[in-house]
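Right, one structure below, let's go through it.
All heavy atoms count here, side chains included; hydrogens, waters and symmetry mates do not. Given the structure is predicted, the values throughout are model-derived calculations rather than measurements.
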Amino acid sequence: MFDRKKKEMMVYVIMGFLEAGKTSLIHDLITDDMFDASSKTLILACEEGEEEYTQQILEKGLAVCEYIEDEESFNGKVIEKFLKKHRPDRIIIEYNGMWPVAHIPEIYDGFEEICFDSEVIFQTIDVVNDETFALYMKNMPSMMVEHFKMAQMVIVNRCSLNTSKSAIRGSIKAVNPGVQIVYESEDDAFYEMKEELPFDINADVIEITDGDFGLWYIDMTEHQENYNGKTLKVTGMIQKPPGLPNGFAIFGRFAMTCCADDVQYMGFLCKADSWKEFKNQQYVTVTARMEYKYMDEYGEEGPVFYAEEIVPSEKPEEELVYFN
């Protein structure tokens, strides 16, 4: 029997705190030439920001807007009512930045039930304001991190020549390595800025200080070509769990990704002639050649250290790695 293919229903969830720039982004989306001008968009706005959806903007983008004022009202029945009322071709949700993002998977399930005749495709976008990024990371780190974890894309707007891409990227990639980060600025010179690393990746031996471990770790996972086959000197903790291949240990550091309750060990395989003279969880300084290769322990290709020299080391002054 012929199986009619379901049509696609795009649902965009735009996250971010008040004044992050969510409404401006949605303005741009609905009026962009990339959006099908003949398709109707339903905007579900869960908060009123500094900008409004004027009738002129809505008409230009062939869009309608419905406001959902409280978290309890954001449910399947209310959404179904709006879908029946407007019959949209796609939906943009301006999600309230103070609402738990744990509800977003529930929203997806709800749309699948309501739009049973359509294939629902979700895209989650987190919008952050560079001017308030550091402030929010200091005062509301757990909420920021939850947004990063849920996002498929993070848009950092209002960037300037003072923007620290490295710090922002480190904070985001530490909890969601696969997320796409987009930087936006009104200053054309910003896009010509080269991201400076505090260590020389062209040195014969790339020396990573204790304070730069987090930045190096993120850059190493993103830019394998900069480190593959290179020799590095770095201090970390070794762990010797059972079941590793002969001569291997785990080398790395503990990192705080948002708060004291969210500490993770960031480590990778390190090969040496012998680890017998070193204790489990001992700090060492390793000079090693790095290669990216498939290892069963990773289940994929990953970084492997081949140690040329290992010497005992004092624990770093700050044991936890931070990303900002």
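- Considering CD1 of Ile57 and SG of Cys65, their distance stands at 12.0 Å, rounded to 0.5 Å.
- Using a 4.5 Å cut-off on side-chain heavy atoms (C-beta onward), Thr231 and Thr287 make contact.
- Smallest separation of non-hydrogen atoms from Asn157 and Ala20: ND2-O, 2.8 Å.
- Ring geometry, Tyr136 versus Phe17: the interplanar angle falls from 30° to 60°, so the pair is classed tilted.
- Glu72 CD: 12 or fewer foreign heavy atoms inside a 6.0 Å radius.
- What you find for Gly21 and Val127 is that their closest heavy atoms are C-CG1, 4.0 Å.
- Between Ile43 and Ile26, the closest side-chain pair of non-hydrogen atoms falls below 4.5 Å.
- The existence of a salt bridge linking Lys173 and Glu222 is confirmed by a sub-4.0 Å separation between a basic side-chain nitrogen and an acidic carboxylate oxygen.
- For the atom pair Lys84 NZ and Phe82 CZ, the distance stands at 13.5 Å (nearest 0.5 Å).
- Considering every non-hydrogen atom in both Tyr298 and Glu301, the closest pair reads CD1-C, 4.5 Å.
- Between Arg169 and Asp219, at least one side-chain N (NZ, or NE/NH1/NH2) sits under 4.0 Å from a carboxylate O, which counts as a salt bridge.
- A distance of 12.5 Å separates CG of Asp212 from CD1 of Ile206, quoted to the nearest 0.5 Å.
- For the pair His27 and Tyr53, the minimum side-chain heavy-atom distance is below 4.5 Å.
- In terms of modelled atom types and a separation under 3.5 Å, the side chain of Gln282 and the main chain of Lys279 share a donor-acceptor contact.
- A donor-acceptor contact shorter than 3.5 Å is absent between the side chain of Gln239 and the backbone of Ile250.
- For CG of Asp204, the number of neighbouring non-hydrogen atoms (other residues, nucleotides, ligands) closer than 6.0 Å is 12 at most.
- Both Leu161 and Phe133 belong to a common hydrophobic cluster when Ile, Leu, Val, Met, Phe, Trp and Tyr are linked at side-chain heavy-atom distances under 4.5 angstrom.
- Between Phe305 and Trp216, the ring planes lie tilted relative to each other; the angle falls in the 30° to 60° range.
- By the 4.5 Å heavy-atom criterion applied to side chains, Tyr283 and Glu319 are counted as neighbours.
- One N or O on the side chain of Lys40 and one on the backbone of His86 form a donor-acceptor pair closer than 3.5 Å.
- Geometric assessment of Lys165 against the ring of Tyr183 yields a positive cation-pi assignment under the 6.0 Å and 45° thresholds.
- Met15 is not listed as a side-chain neighbour of Ile125, based on a closest heavy-atom distance of 4.5 Å or more.
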**Request:** Could you please spell out the steps behind the salt bridge (Lys or Arg N to Asp or Glu O under 4.0 Å) verdict for Glu184 and Arg158?
**Result:** CA-CA 6 Å; Glu184 294 187 349; Arg158 304 179 194 178; over 6 Å; no
**Message:** Before you tell me yes or no, could you show the steps for Met290 and Lys230 under side-chain contact (heavy atoms from CB on, under 4.5 Å), namely the whole-Å CA-CA distance, both residues' side-chain angles and the distance that decides it to 0.1 Å?
**Reply:** CA-CA 6 Å; Met290 175 172 281; Lys230 299 286 186 68; 5.8 Å; no
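- In terms of heavy-atom proximity, Val13 sits nearest to Tyr95 at CG1-CB, 4.1 Å.
- Within a 6.0 Å radius of CD in Glu69, other residues, nucleotides and ligands contribute 12 heavy atoms or fewer.
- A salt bridge links Glu146 with Lys149; the closest basic N to acidic carboxylate O contact falls under 4.0 Å.
- Inspection of the Thr23 and Glu94 side chains reveals an N or O donor paired with an N or O acceptor under 3.5 Å.
- Annotation: Asp200, atom CG; neighbour count of heavy atoms from other residues, nucleotides and ligands within 6.0 Å is above 12.
- In the displayed structure, Gln281 atom CD is contacted under 6.0 Å by more than 12 heavy atoms of other residues, nucleotides or ligands.
- The distance from the CZ atom of Phe268 to the CE atom of Met295 is 13.0 Å, given to the nearest 0.5 Å.
- Between Lys85 and Glu66, at least one side-chain nitrogen of the basic residue sits less than 4.0 Å from a carboxylate oxygen of the acidic one, meeting the salt-bridge criterion.
- What you find for Val311 and Phe278 is that their closest heavy atoms are C-CE2, 4.5 Å.
- The closest side-chain heavy-atom distance from Met98 to Met143 is below 4.5 Å.
- Val286 is not connected to Val205 by any chain of hydrophobic side-chain contacts under 4.5 Å among Ile, Leu, Val, Met, Phe, Trp and Tyr, and they are in different clusters.
- Of the possible polar contacts, none joining the Asp126 side chain to the Val154 backbone as a donor-acceptor pair under 3.5 Å is found.
- Leu18 has its side chain out of reach of Asn96: every pair of non-hydrogen atoms, C-beta onward, lies at least 4.5 Å apart.
- Not one N or O on the side chain of Thr163 forms a donor-acceptor pair closer than 3.5 Å with the backbone of Cys159.
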**Message:** Run Val11 and Ile121 through side-chain contact (heavy atoms from CB on, under 4.5 Å) and show every step you take.
**Reply:** CA-CA 6 Å; Val11 179; Ile121 301 175; over 6 Å; no
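- When atom types are taken as modelled, the side chain of Trp275 and the backbone of Gly247 share a donor-acceptor pair closer than 3.5 angstrom.
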**Item:** Full working for side-chain contact (heavy atoms from CB on, under 4.5 Å) between Asp130 and Ile168
**Value:** CA-CA 9 Å; Asp130 176 56; Ile168 292 172; 3.4 Å; yes
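- Asn228 places a side-chain N or O within donor-acceptor distance of the main-chain N or O of Tyr292, the cut-off being under 3.5 Å.
- Between Phe213 and Tyr217, the ring-plane angle classifies as parallel under the 30° and 60° cut-offs.
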**Item:** Ile91/Thr41 under side-chain contact (heavy atoms from CB on, under 4.5 Å): CA gap, chis, key distance, verdict
**Value:** CA-CA 6 Å; Ile91 299 161; Thr41 301; over 6 Å; no
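- Using a 4.0 Å cut-off between a side-chain N of Lys or Arg and a carboxylate O of Asp or Glu, Glu47 and Lys22 qualify as a salt bridge.
- Between the OG1 atom in Thr132 and the NZ atom in Lys138 there is a gap of 14.0 Å [rounded to 0.5 Å].
- In plain terms, the two heavy atoms of Ala151 and Asn176 that are nearest each other are O-ND2, 2.9 Å.
- Here the side chains of Pro88 and Val64 are not in contact, with every heavy-atom distance at 4.5 Å or above.
- Atoms CE and CZ, on Met237 and Arg253 in that order, are 9.0 Å from each other to the nearest 0.5 Å.
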